[in-house]
Amino acid sequence: MEDVRAVTRHIPPGRVTTYGAIAEFLTLGSARMVGWALFQGVSLTDDLPAHRVVNRRGELSGRNHFSTPTTMQERLEAEGVVVRNDRVEDFATRFWSPNELLNL
DNA sequence: ACGCTGACTGGGT
DNA sequence: CACCCAGCCAGCG
């Protein structure tokens, strides 16, 4: 679960990744665990950029777990990410894979 | 122990 | 792109 937080903190501003990508990168059993870990992490710290983690379709499925249901979208747009109808526009190009970490 | 639920996903339609 | 379905696994009543 610390791993999930670590990876999440490495997501570049203006980019997003998916639960599944993180789950696969950390070889967790399922993507649900990532959401669970983030929920725990956010409750504890709050300095976690969890708003950069969305589901496979680029939807802000976790917005209801933030202080307000609009926090996630606002943080994303503050970084230049266009969100329309609870979905990240241009998701394919905005997507960032944790594997990029191995490439640096 | 059991069944439900959920920040999920891949595959098929 | 949207919907449905079957796996997925930890937490909770």
Side-chain angles (χ1 to χ4, degrees):
Chain A
M1 167 181 136
E2 278 84 28
D3 297 330
V4 177
R5 295 214 297 266
V7 172
T8 304
R9 266 192 266 270
H10 281 95
I11 304 173
R15 307 291 300 283
V16 297
T17 191
T18 69
Y19 302 94
I22 297 176
E24 189 168 346
F25 180 73
L26 298 176
T27 55
L28 297 178
S30 83
R32 290 188 187 278
M33 299 298 89
V34 176
W36 174 78
L38 284 180
F39 175 63
Q40 300 296 309
V42 165
S43 316
L44 298 174
T45 61
D46 191 31
D47 60 323
L48 194 66
H51 56 280
R52 301 191 187 129
V53 186
V54 297
N55 71 8
R56 69 168 169 176
R57 279 149 121 195
E59 298 171 325
L60 312 179
S61 43
R63 84 196 123 137
N64 289 326
H65 292 267
F66 287 81
S67 32
T68 88
T70 56
T71 305
M72 191 170 186
Q73 171 164 351
E74 287 169 6
R75 283 185 179 172
L76 283 172
E77 302 208 301
E79 297 177 353
V81 178
V82 183
V83 178
R84 192 191 314 181
N85 197 274
D86 290 337
R87 210 166 300 115
V88 174
E89 285 294 315
D90 232 355
F91 176 63
T93 51
R94 287 286 185 187
F95 178 76
W96 174 87
S97 170
N99 294 312
E100 298 292 313
L101 291 176
L102 307 175
N103 235 326
L104 316 170

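In this text, all values refer to a predicted model and were calculated from it rather than measured experimentally. Chain letters run A, B, ... following the sequence lines, proteins first and then strands; every chain starts at 1.
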Smallest separation among heavy atoms of A/Arg75 and A/Leu48, with atom names: NH1-O, 4.4 Å
Could you give the CG-to-P distance, from A/Leu28 to B/dC8, as a whole number of Å? 15 Å
Within residues 59-69 of chain A, those residues having any heavy atom closer than 4.0 Å to DNA chain B are A/Ser61, A/Gly62, A/His65, A/Phe66
Using a 4.0 Å cut-off on heavy atoms, which residues in residues 86-98 of chain A reach DNA chain B? List them by number, or say none. none
side-chain contact (heavy atoms from CB on, under 4.5 Å) involving A/Asp3 - partner list, sequence neighbours excluded: A/Leu26
Pairs in or reaching into residues 3-24 of chain A: which pass ring-ring contact (aromatic ring centres under 6.0 Å, His included), with residues at least two apart or in two chains? none
Whole angstrom is fine here: how far is it from CG in A/Asn55 over to P in B/dA7? 11 Å
Result block: side-chain N/O donor-acceptor pairs under 3.5 angstrom for residues 79-88 of chain A, not counting sequence neighbours:
from, atom 1, to, atom 2, distance (Å)
A/Glu79, OE1, A/Gly14, N, 3.2
A/Glu79, OE1, A/Arg52, NE, 3.0
A/Glu79, OE2, A/His51, NE2, 3.1
A/Glu79, OE2, A/Arg52, NE, 3.2
A/Glu79, OE2, A/Arg52, NH2, 2.6
A/Asp86, OD1, A/Arg63, NH1, 3.4
A/Asp86, OD2, A/Arg63, NH1, 2.5
A/Asp86, OD2, A/Arg63, NH2, 3.4

Using modelled atom types and a 3.5 Å cut-off, is there a donor and acceptor pairing between side-chain atoms of A/Arg94 and backbone atoms of A/Arg15? no
Do A/Phe66 and A/Phe39 land in one hydrophobic cluster if side-chain heavy atoms of ILVMFWY residues count as linked below 4.5 Å? no
Check whether more than 12 heavy atoms from other residues, nucleotides or ligands sit under 6.0 Å from atom CD of A/Glu24, and answer yes or no. no
Counting any heavy atom closer than 4.0 Å, what does A/Ala50 reach on the DNA or RNA strands: base, sugar-phosphate only, or nothing? base
Bracket string, DNA chain C, 5' to 3' - pairs by Watson-Crick or G-U geometry under 3.5 Å, | interstrand: .||||||.|||||
For the pair A/Asp90 (side chain) and A/Thr93 (backbone), establish whether a donor and an acceptor sit closer than 3.5 Å, ignoring hydrogens and angles. no
Side chain to side chain donor-acceptor pair (under 3.5 Å) with A/Asn103: which residues, sequence neighbours excluded? none
Along DNA chain C, first and last positions that approach a heavy atom of chain A under 4.0 Å: C/dA2 to C/dG11
Taking the C1' atom in each of C/dG13 and B/dA1, what is the distance between them to the nearest angstrom? 13 Å
What is the distance from CZ of A/Arg32 to P of B/dC8, rounded to the nearest Å? 7 Å
Qualifying residues under side-chain contact (heavy atoms from CB on, under 4.5 Å), relative to A/Thr68, sequence neighbours excluded: A/Thr70, A/Thr71
A/Phe95: partners by side-chain contact (heavy atoms from CB on, under 4.5 Å), with sequence neighbours left out: A/Thr17, A/Thr18, A/Ala21, A/Phe91, A/Ser97
Which other residues belong to the hydrophobic cluster containing A/Trp36, where Ile, Leu, Val, Met, Phe, Trp and Tyr are joined when side-chain heavy atoms lie under 4.5 Å apart, directly or via other members? none
Using the rule that two of Ile, Leu, Val, Met, Phe, Trp, Tyr join whenever any of their side-chain heavy atoms come within less than 4.5 Å, decide whether A/Val4 and A/Val7 are in one cluster. yes
Closer to the 5' end of DNA chain B via nearest nucleotide, is it A/Arg57 or A/Met33? A/Met33
Can you tell me how far C1' in B/dG6 sits from the matching atom in C/dC8, rounded to whole Å? 11 Å
